[in-house]
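All remarks here apply to the structure that follows.
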Amino acid sequence: MKKISTILTTALMTGAAAFLPAGASAGDGVKVEHLGLNNTLVRVTGDAPCLILPVQESSDDARINVLVDGKLAETIYVRLAQSKTDYTVPFDLSRFNGHDVVLDVVANHNRSSLREAKDAVCWEAIHLADGFDTTDTETRYRPSYHHTPLYGWMNDPNGMFYKDGVWHLYYQYNPYGSKWQNMTWGHSSSTDLIHWKHEPIAIRPDGLGYIFSGSCTIDRNGTAGFGKDAVIALFTSAGVSQMQSLASSTDNGTTFAVYPGNPILTLESEARDSNMFWNDATGEWNLVLAHALDREMLLFTSPDLKTWTLQSAFGKGEGEQEGVWECPDLFKLPVADSDKGEKWVLLCNINPGGPFGGSATQYFIGDFDGHKFTADTDANGKIPTKWMDFGKDHYATVSWSDAPDNRRTVIGWMSNWQYAADVPTTQFRSANTLPREVWLFTQPDGQTYLASSPSPEVDALRGKSVASISRKTLGSKPINATLPVENDGICEITATVDGKNAGKVIFTLSNKVGDEVVMTYEVKTHTMSMDRTHSGIVDFSENFPAVTVSPTFETDGRIRLRLFIDRSSIELFGNDGRFVMTNLVFPNSPYTTLSVKAEGGKGALESLKVYNINK
Ligand code: FRU
């Protein structure tokens, strides 16, 4: 039987009718039987690998019990189209080849008559197909060099690990619509962190619930009993409550077998997003679990990844406490240019409570003895709140396990829970950030901070330089650089400015229809801001128009910027990643110009370069 992920039809994704196999009429191979106002049976009578389901974004979810030979195989929730089809999603029948498949659909759509129930457009439009067309229909806003799902909804990156030259990225994925639901682990793989191959779904919901966030590790000594080098996933099973479960893979993470003894860890309150790693110093496994509503991280140890002993909790009353604590990560890094040796970094994603509203990643620097994390304090004896990225669209960031050359490589979800489901894209929501290397540096205040630089693989994206300006005095008259229009909203920009004799240095991205993004370096306050209030389409959420501000972590009035623009995203890396700002933008047409000027005195534009992107 052909696999859904390997078959593409040439039909367009704009309407269900476009998917009909030649000679078929809507509903061929599908028998629809209405059982009343809210209940309909859809019997699959034909033979095809794919059932196409029509979706209407504004519709309520229908609950679909998938019966295979009369037994409940799975339950999915789909916004089945009632009055119009916005887009379609595929249901993979190839898994049930040779068996009878019936969808038992329960829709609570407040219908007043059977006529109304029967008139829902989905019944005519549901049909069998040889495949599902995943051709990109959203070239306007789909990033071209960032990871995105082919279609459907994505949130947190999960379970990333590196093995045999391949970077594996799993992610919270809804294959049945562009809003959060049906959490599975989607899977992509890459040999260069830039070009991603879309793999089949790795873990699907089971009797214990949805497959929430978690981590993977390579069990080099086979401690869990699945053989040496088995890939072990720990994740949160989210049903009525949240529990931790285990799955193992002996084919390098392509397929996972869930452990029959799941859940392996239960608590009496909400805890999720299991992040585990082998601790060389103690010869034990460690697990960090977000005790979400208690706003603390729980630390466990285990000899075998199955039996876990709670050792301590960190964070009650510390750091930002407004929202829930989620998606932890804990790792050790050397501190650059200092005698501090190594420090431990505890990533703690929170929602809401981010510096500009909604979700964001805070972190703590400290020490970890295998049982207890102790955070560094500031001059006042307080544990300071630190942010990893000063934009609005950086969340659920965690690192790859088993990365080569002692690298600590991270990736984030490039959106914000405030509006992720409302952004003006349909085929996909959302993208990941660029992969980043994290490292530690010390500031004059004695504090250690976490920097994030673009991963070295990102350098290969740099194409021909299309604009180059050097050694210019900056005043109130802007100096303009033209962006590569043929590249359609995609480029890398580097700039070095000396602002010590100026009040502000202002960088403005603009297009011909008046959209602009204004980035201002305030020299005296050592801050950099990004204003996207007039960046293009901003009215889909009151939380989207925003100005984000970052400390620049310099004392000499000089900054070096590296700016990546990818149609609907801007990532600004300052001073080798000492400060980072990630923001989404939806310009009405691609930005075409970058202008630079100074206010409150003269600045110096030491260099400005605009590069094409090699894809
Ligand atoms: C964070 C999060 C996690 C959870 C997942 C569910 O964005 O809420 O805590 O595991 O998303 O999709």
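Whatever order the structure lists them in is the order used to number ligands and atoms, beginning at 1. We're numbering straight along the sequence, starting at 1. This is a predicted model, so every value here is computed, not measured.
- Close contacts between ligand 1 and W417 involve ligand atoms 1 (C), 7 (O) [criterion: under 4.0 Å to a heavy atom].
- L67 CG to F96 CZ: the interatomic distance, rounded to the nearest 0.5 Å, is 10.5 Å.
- Close approach to M183 involves these atoms of ligand 1, each under 4.0 Å from a residue heavy atom: 12 (O).
- Of the protein's non-hydrogen atoms, D156 OD2, 3.5 Å is the one closest to atom 5 (C) of ligand 1.
- For atom 12 (O) of ligand 1, the closest heavy atom belonging to the protein is Q172 OE1, 2.6 Å.
- Atoms OG1 and CG, on T75 and L103 in that order, are 11.0 Å from each other to the nearest 0.5 Å.
- Using a 4.0 Å cutoff on heavy atoms, W413 does not count as a contact of ligand 1.
- Using the six-membered ring where Trp is involved, F132 and Y151 have ring planes that are perpendicular, over 60° apart on the 30 and 60° scheme.
- Considering backbone and side-chain atoms together, Y395 places no N or O closer than 3.5 Å to any N or O of ligand 1.
- Contacts with ligand 1 closer than 4.0 Å are made by side-chain heavy atoms of N155 only, the backbone lying farther away.
- Looking at R79, its side chain does come within 3.5 Å of a backbone N or O of S59 through a donor-acceptor pair.
- Side chains of T433 and H394: a donor-acceptor N/O pair is absent below 3.5 angstrom, by distance only.
- Heavy-atom proximity to atom 9 (O) of ligand 1, evaluated over D273, I211, N174, is greatest for D273.
- K316 NZ: more than 12 foreign heavy atoms inside a 6.0 Å radius.
- Scanning the protein heavy atoms around atom 8 (O) of ligand 1, the nearest turns out to be E326 OE2, 2.8 Å.
- Residue contacts with ligand 1, taken as heavy atom pairs separated by less than 4.0 Å, involve S213 via backbone and side-chain atoms alike.
- Side-chain N or O atoms of Y170 include none that pairs as donor or acceptor with a backbone N or O of S213 at under 3.5 Å.
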